[in-house]
Amino acid sequence: MGDIPAVGLSSWKASPGKVTEAVKVAIDAGYQHFDCAYFYHNEREVGAGIRCKIKEGAVRREDLFIATKRWCTCHKKSLVKTACRRSLKALKLNYLDLYLIHWPMGFKPPHPEWIMSCSELSFCLSHPGVQDLPLDESNMVIPGDTDFLDTWEAMEDLVITRLVKNIGVSNFNHEQLERLLNKPGLRFKPLTNQIECHPYLTQKNLISFCQSRDVSVTAYHPLGGSCEGVDLIDDPVIQRIAKEHGKSPAQILIRFQIQRNVIVIPGSITPSHIKENIQVFDFELTQHDMDNILSLDRNLRLATFPITKNHKDYPFHIEY
Ligand SMILES: NC(=O)C1=CN([C@@H]2O[C@H](COP(=O)(O)OP(=O)(O)OC[C@H]3O[C@@H](n4cnc5c(N)ncnc54)[C@H](OP(=O)(O)O)[C@@H]3O)[C@@H](O)[C@H]2O)C=CC1
Ligand SMILES: O=C1CO[C@H](CO)[C@@H](O)[C@@H]1O
C-alpha cells in the first residue's frame, strides 16, 4: 500500500468549527492520515487541529500523512504551484505528504485578476470558492484547455522542489491512468488513485487494474456517503456480518477495504464514530464474508458530478 496509512480521516462536509475538533479527536485516537481538498474550503480548520496537537506534543509532523487535492480550475501548468502553495498556507504546513489531481477534467481557469492576486495568496484565502465551478448558460461546466499530462509535469515539479512528497490522482478511469503511466518521460508515478468505492460500487476491475500497475487505491464514500441517503449501514448483509463479529456496520465496511489492500478514508465529525472507525485491526472478515459483501455490488455511483458530463475527460462514460 505504499506509504499511505490504511485508514484516514476525510474532511469533506466537515463544516468549519467542527473539523478542527474532529482532527484533534482523530489524532488522539491514533489517526495519522488526513484527507483534505482545496474544494472542501476547510483546509485552514484542518490545519488548526493538526497544529494544536503538534504544539501539545501529542504527535510529530513526520508521523502524520497529510493529503490534499488540487481543484479542476488549476490544471494549467502555471497554476499548479500557486494552488499547492495556497493549500500549504491554509494548512500551515511546509510540505504535503500527498497532492492529488482531484478530477481528470480541467475547468476554465479563474479570472486573471484572481490569478494575479494569487501571488500574494491573500485574495484566494479570503475568497474561498470563487469561480470553482465556471458554468455556461446551460449550467454545464466550462472546460479548460490543459491536457492532464501537462498538469502532471507541473505536479512532478512539486516533488522535485520538495513542496510535496508524493503525487497522485483521483477519479481517473483505467484508460486515463494507463495514458498517464505511458507518458513519455514520466518522472513520478501516481502513488494512488482515489476513487469512490463501497459494497454497492465494488470497483473490482479498476482496483485490479491499479494494483497490477503498482498504483494503490484509496476508497472514498466507503460508508455510502454523507448526504445521498444510501443505506449501506442498514444493509441486512452488512448488519448480519457486523453482529457475527461483534463489530459495527461501519467497521465492517472499513475492514472490507483493508482486506482488499485498499486504503480507506471514512468521513466523520462525530467523536464516537471517529474513534470507532479506526478500531478495525483486531478482527478479520472470512473469505465467505468478503464474497457476501462483494455480491452486494450494484454499480451504484454516488459522486457522478453531472455538470461535467460533457467534458472530454469525464471519467465515467466507460465501464471502469
Ligand atoms: N476524491 C473525490 O472526488 C472525493 C473524495 N471524497 C472523500 O471521501 C471522504 C468520505 O466521503 P463521505 O461523503 O464523507 O462519505 P462516507 O462514506 O465516509 O460517509 C460519511 C457519513 O457516514 C457517517 N459515519 C461516519 N462514521 C460512522 C459510523 N461509525 N457509524 C455511522 N455513521 C458513520 C458520517 O456521519 P458523522 O459525521 O456523524 O459520523 C457521515 O454522514 C470525503 O470526506 C472526502 O474527503 C468524497 C467524495 C469525492
Ligand atoms: O471530493 C468531492 C466531494 O464529493 C463531491 C460529490 O460527491 C465530489 O464532487 C467532490 O469531488
Side-chain angles (χ1 to χ4, degrees), residues 4 7-15 17-19 21-23 25-26 29 31 33-43 45-46 66-73 87 98-105 107 129 132-133 141 168-173 190 192-201 203 206 217-235 238-239 242 247-257 262-280 300-309 311 314-316:
I4 311 182
V7 179
L9 180 76
S10 70
S11 55
W12 186 50
K13 297 239 164 211
S15 46
K18 298 225 163 142
V19 68
E21 203 44 45
V23 168
V25 169
Y31 285 75
H33 173 184
F34 293 86
D35 180 75
C36 319
Y38 161 78
F39 185 62
Y40 306 157
H41 300 305
N42 57 15
E43 286 171 316
E45 288 74 19
V46 175
I66 314 296
T68 195
K69 313 183 194 86
R70 197 190 35 63
W71 188 239
C72 312
T73 44
S87 284
L98 176 63
Y99 199 38
L100 301 174
I101 296 187
H102 202 141
W103 288 86
M105 305 84 74
F107 301 165
D132 282 354
L133 298 171
V141 92
V169 296
S170 178
N171 297 302
F172 272 46
N173 66 34
T192 200
N193 186 15
Q194 184 182 121
I195 56 173
E196 180 178 342
C197 186
H198 44 73
Y200 294 163
L201 182 74
Q203 299 272 25
L206 187 51
V217 174
T218 303
Y220 74 71
H221 283 338
L223 310 178
S226 45
C227 65
E228 276 88 350
V230 169
D231 281 338
L232 244 182
I233 282 187
D234 294 330
D235 185 284
I238 303 297
Q239 292 265 347
K247 289 285 173 181
S248 73
Q251 288 170 321
I252 301 301
L253 296 168
I254 294 165
R255 182 75 204 177
F256 165 65
Q257 302 294 356
V262 167
I263 298 140
V264 52
I265 48 169
S268 179
I269 46 166
T270 304
S272 59
H273 291 165
I274 294 171
K275 293 176 198 158
E276 178 184 316
N277 294 348
I278 200 161
Q279 300 300 317
V280 288
L300 179 75
R301 192 181 292 285
L302 302 170
T304 55
F305 211 172
I307 60 168
T308 67
K309 272 189 177 152
H311 195 292
Y314 185 73
F316 309 138

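Just so it is clear, the model here is predicted, and its values are computed rather than measured. Counting convention: from 1, in listed order, for ligands and their atoms alike. Along the sequence shown, residues are numbered consecutively beginning with 1.
For Ile233, no nitrogen or oxygen atom sits less than 3.5 Å from a nitrogen or oxygen atom of ligand 1, counting backbone and side chain alike. Looking at ligand 1, you'll find an N or O of Pro222 within less than 3.5 Å of one of its N or O atoms. For the pair Asn171 and ligand 2, the shortest N or O to N or O distance does not fall below 3.5 Å.
Note on ligand 1: Ser11 sits in its first shell, one or more heavy atoms being nearer than 4.0 Å. Not a single heavy atom of Tyr220 sits less than 4.0 Å from an atom of ligand 2. At least one heavy atom of Tyr40 sits closer than 4.0 Å to an atom of ligand 1. Under a 4.0 angstrom heavy-atom cut-off, Lys69 registers as being in contact with ligand 1.
Atoms of ligand 1 found under 4.0 Å from any heavy atom of Gly225 (numbered from 1 in listed order, with element): 13 (O), 15 (O), 16 (P), 17 (O), 19 (O), 21 (C). Set against the non-hydrogen atoms of His102, the atoms of ligand 2 under 4.0 Å away are 1 (O), 2 (C), 10 (C), 11 (O).
With no hydrogens or angles considered, a side-chain donor-acceptor pair links Asp235 and Tyr200 at under 3.5 Å.
The aromatic rings of Tyr38 and His41 stand perpendicular to each other, their planes meeting at an angle above 60°, with 30° marking the opposite boundary. Ring geometry for Tyr40 against Trp12 counts as tilted: the plane angle lies between 30° and 60°, on a 0 to 90° scale.
Legend: residues meeting salt bridge (Lys or Arg N to Asp or Glu O under 4.0 Å) with Glu196, ordered by chain and number and at least two apart, are absent. For Gln203, the side-chain contact (heavy atoms from CB on, under 4.5 Å) criterion is met by Ile195, Cys197, Leu201, Leu206, Ile207, Arg301, not counting sequence neighbours.
Residue Leu223 holds the heavy atom nearest to atom 22 (O) of ligand 1 of all those in Ile274, Val169, Thr68, Leu223. Checking Phe305, Tyr220, Phe39, Trp103 against atom 46 (C) of ligand 1, the nearest heavy atom belongs to Tyr220.
Neither the backbone nor the side chain of Lys69 has any atom closer than 4.0 Å to an atom of ligand 2 (non-hydrogen atoms only).
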